[in-house]
There are 2 protein chains.
Amino acid sequence: MQKSLRSAEHARLIELLVAARQKAGIRQHALAKKLGRPQSFIAKYEGGERRIDIVEFIAIAQALSVDPVKLFREVLSAKARGSAAKQPTR
Amino acid sequence: MQKSLRSAEHARLIELLVAARQKAGIRQHALAKKLGRPQSFIAKYEGGERRIDIVEFIAIAQALSVDPVKLFREVLSAKARGSAAKQPTR
DNA sequence: CCCAAATTATCCAGTTTTGGGATAATCCAA
DNA sequence: TTGGATTATCCCAAAACTGGATAATTTGGG
């Protein structure tokens with residue numbers, strides 16, 4: 001099997017998710033609870049040890065009270081550009 | 001371990017991806033080639049035997065010449081409503 | 001209808017990833 | 001320091017992935 005985890009793009013996605021959680025001022029434990037998962041679940045994906053599929057991504061965004069589409073757009077632009085996080089659409 | 005594959009939402013996501021490929025008139029083999037993967041890769045996820053993460057979702061959408069954000073929106077609305085695919089925003 | 005090419009689904013077996021409770025680190029304010 | 005809060009790791013069986021090979025299904029002539 002080839003490892004697909006921990007690609008540069010995946011790393012950027014993680015950055016965005018962590019940033020989103022922090023901006024929302026929510027702890028891993030609290031987010032985990034909202035998602036009906038153990039805290040280690042959050043620690044795992046934020047630590048890049050676990051991938052996140054579409055359905056989970058949506059659930060996470062909503063649990064963070066963030067618009068999934070907006071967050072998705074950020075992932076996209078992060079992918080398009082070399083790296084860097086959100087950019088004020090300028 | 002508990003099975004996490006094959007949820008109702010995941011099934012809807014798949015429907016959308018299959019529909020997108022067919023609308024694009026592309027075969028599994030061709031799509032696979034664009035993604036640098038074997039045909040079985042496509043067959044697997046279209047058959048619901050494999051999950052798709054964010055990065056892959058974007059790559060697939062682009063390989064199908066579909067706007068990732070648009071496709072993502074469809075997934076979202078499909079999730080919001082009971083099921084059904086795209087709805088003309090009416 | 002028949003056949004063959006095209007397309008998609010399944011098999012297999014070896015590898016990688018995941019789940020989640022427990023526990024170990026870290027952080028941080030008092 | 002101290003200890004509660006927060007996050008990272010461990011463990012390891014179960015589950016998911018891989019991709020080439022092969023089987024099954026579909027499609028379009030003739």
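Predicted model, so just to flag it, every value in this text is computed and none were measured. In the text below, chain A, chain B and the rest are named by the order of the sequence lines, each starting its count at 1.
- As rounded to whole Å, 12 Å separates atom P of dG20(C) from atom CD1 of Ile42(A).
- Distances were taken from every side-chain heavy atom of Met1(B) (C-beta onward) to each of dG20(D), dG20(C), dT17(C); the shortest belongs to dT17(C).
- Protein atom CD of Glu56(B) is 12 Å distant from nucleotide atom C1' of dT18(D), rounded to whole Å.
- A 6.0 Å sphere centred on NE2 of His29(A) holds no more than 12 heavy atoms belonging to other residues, nucleotides or ligands.
- Phosphate contact (OP1/OP2 of dA8(D), side-chain N/O of Gln28(A), threshold under 4.0 Å): present.
- Computed from coordinates, the Ile26(A) CD1 to dA5(D) P distance equals 18 Å when rounded to whole Å.
- Side chain Gln39(A) to base dA8(D): a donor-acceptor pair is found below 3.5 Å.
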**OP:** Decide yes or no on salt bridge (Lys or Arg N to Asp or Glu O under 4.0 Å) for Glu56(A) and Arg50(A), but give the supporting numbers first.
**Re:** CA-CA 12 Å; Glu56(A) 293 169 339; Arg50(A) 184 192 183 289; 2.7 Å; yes

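- Whole-Å rounding puts the Leu31(A) CG to dT7(D) C1' distance at 13 Å.
- Computed from coordinates, the Arg50(B) CZ to dT17(C) P distance equals 11 Å when rounded to whole Å.
- Not a single donor-acceptor contact under 3.5 angstrom links the side-chain atoms of Lys3(B) to the base of dG19(C).
- Phosphate proximity of dT6(D) to Arg27(A): present, with a side-chain N or O under 4.0 Å from OP1 or OP2.
- Here the closest non-hydrogen pair linking Arg6(B) and Gly48(B) is CG-O, 3.6 Å.
- Taking for each of Ala43(B) and Ser4(B) the nucleotide of DNA chain C with the nearest heavy atom, the 5'-most of the two is the partner of Ala43(B).
- Annotation for Ala63(B) and Ile26(B): closest pair O-CD1, 4.0 Å, computed over non-hydrogen atoms.
- Residue Arg51(A) places at least one side-chain N or O closer than 4.0 Å to OP1 or OP2 of dT18(C).
- Proximity note for Ser40(B) (side chain, C-beta onward) versus dG21(C), dT18(D), dA21(D): the nearest is dA21(D).
- Within the 4.0 Å cut-off from OP1 or OP2 of dT8(C), at least one side-chain nitrogen or oxygen of Arg21(B) is found.
- What separates NZ of Lys33(A) from P of dT6(D) is a distance of 12 Å, to the nearest Å.
- Taking the six-membered ring where the residue is Trp, Phe72(B) and Phe72(A) present parallel rings, their angle staying beneath 30° rather than reaching 60°.
- Summarising the geometry, the separation between CD on Glu49(A) and P on dC12(D) is reported as 16 Å, rounded to the nearest angstrom.
- Nearest-nucleotide mapping onto DNA chain C: of His29(B) and Gln2(B), the residue sitting toward the 5' end is His29(B).
- Lys44(B) has its NZ atom 11 Å from the P atom of dC11(C), to the nearest Å.
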